[in-house]
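First the structure, in the form of structure tokens, and then the observations on it.
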Amino acid sequence: MTRCRPNRTARDNPLRRRSDVIEARAALLLAVLAVLVAPLLGALSGWAAHADARDRARAEHGARHMQRARLLEAAPEFVPSTTGVQDAATYPVTVRWSDGRGRTITALAPVEAGLDRGDPTTVWLDLHGGVTTAPWGSGDIWSHTLAAGFLVAAVTAGFAVTSRLVLHRVLDRRRLAAWERDWLRVAPAWDPRR
């Protein structure tokens, strides 16, 4: 009477195929990529994006300045967001201000919703006196940081999961083709008519 070996491993299994070993090892590597490497890459890219965004904000603060102006027309009323996220809505409205030389300048500038004609507002000007957007603030910097980090982590994890699924499908096709070849070889012996 033969006894079963209790310490039998998958390596000793006579039914183990080479494709099973390849798939198991690839699954392990891709799981590590998705679980450990993807968040690490996301954090590193977020860190780099944060430094880049801080530099951009500093450059914008140095190249832009605020100017007090008056509205020449009323801004539209605030329209509530359908997504539930309440952003500060701005609309392009004609405004007027006097520059440092005493000239009166009229231009189209983004202003907050709901302001009336004659209300004071703040516009941002570039070094050439053209209307521009406000420089990036800490909220913009963090939005950029988190978006970059999340995107890199998601793409890396998505690559790992997609690679795992593609590898599984390719190996399954090869295994099915091998089973078909083997069956064609042994089928005549199982045919009762022979």
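When reading the values below, keep in mind they use all heavy atoms of this one structure, side chains included, and skip hydrogens, waters and symmetry mates.
Heavy atoms of other residues, nucleotides or ligands lying less than 6.0 angstrom from CZ of R174 number 12 at most. Heavy atoms from other residues, nucleotides or ligands lying under 6.0 Å from CZ of R96 number 12 at most.
Applying the side-chain contact (heavy atoms from CB on, under 4.5 Å) test to V131 and every residue at least two apart in sequence or in another chain returns W97, A107, A109, P110, L125. With sequence neighbours left out, the ring pair (Phe, Tyr, Trp, His ring centres under 6.0 Å) criterion links W124 to no other residue. Not counting sequence neighbours, S143 has no partner by the side-chain contact (heavy atoms from CB on, under 4.5 Å) test. With sequence neighbours excluded, the residues satisfying side-chain contact (heavy atoms from CB on, under 4.5 Å) with L33 are L30, V37, T156, F159, A160.
For the atom pair CG of D52 and OG of S45, the computed distance is 12.0 Å after rounding to the nearest 0.5 Å. Taking NE2 of H65 as the start and OG1 of T122 as the end, the distance is 11.5 Å to the nearest 0.5 Å. L29 contributes atom CG, which lies 11.5 Å from atom CZ of R164 (distance to the nearest 0.5 angstrom). Rounding to the nearest 0.5 Å places CD of E73 at 13.5 Å from OH of Y91. Note that the NE2 atom of H168 and the CZ atom of R175 stand 6.5 Å from one another [nearest 0.5 Å]. If you take CZ on R181 and CG on L176, they are separated by 11.0 Å, rounding to the nearest 0.5 Å.
Alongside W190, the hydrophobic cluster contains no other residue (criterion: ILVMFWY side chains under 4.5 Å).
Put simply, V161 and L41 are part of two different groups of oily side chains (I, L, V, M, F, W, Y) that touch within less than 4.5 Å, one to the next.
Heavy atoms only, all atoms of each residue included: P120 and L115 are closest at O-CD1, 4.5 Å. Minimum interatomic distance between G62 and L127 (heavy atoms only, all atoms of both residues): O-CD2, 4.2 Å. The heavy-atom pair separating E23 from L171 by the smallest distance is CB-CD1, 3.6 Å. For the residue pair T145 and G46, the shortest heavy atom distance occurs at CG2-O, 3.2 Å. Residues A148 and A49 share a closest heavy-atom pair of CB-CB, 3.5 Å. Closest approach of E112 to A75, counting heavy atoms only: O-CB, 3.5 Å.
Checking L72, L71, L108 one by one against V95, the side-chain contact (heavy atoms from CB on, under 4.5 Å) holds for a single residue, L71.
Between D172 and R169, none of the side-chain N atoms (NZ, or NE/NH1/NH2) sits under 4.0 Å from a carboxylate O, so this pair counts as no salt bridge.
Although no hydrogens or angles enter the test, the distance criterion places a donor-acceptor pair under 3.5 Å between the side chain of R64 and the main chain of T133. Remark: side-chain polar atoms of R70 are paired, donor with acceptor, to backbone N or O of G118 under 3.5 angstrom. A distance-only check finds a donor-acceptor pair linking the side chain of D140 to the backbone of G137 [under 3.5 Å].
In this structure, a donor-acceptor pair under 3.5 Å is absent between the side chains of R103 and S98.
Sorted by first and then second residue, the pairs that involve residues 34-64 and meet ring-ring contact (aromatic ring centres under 6.0 Å, His included), not counting sequence neighbours, are H50-W142.
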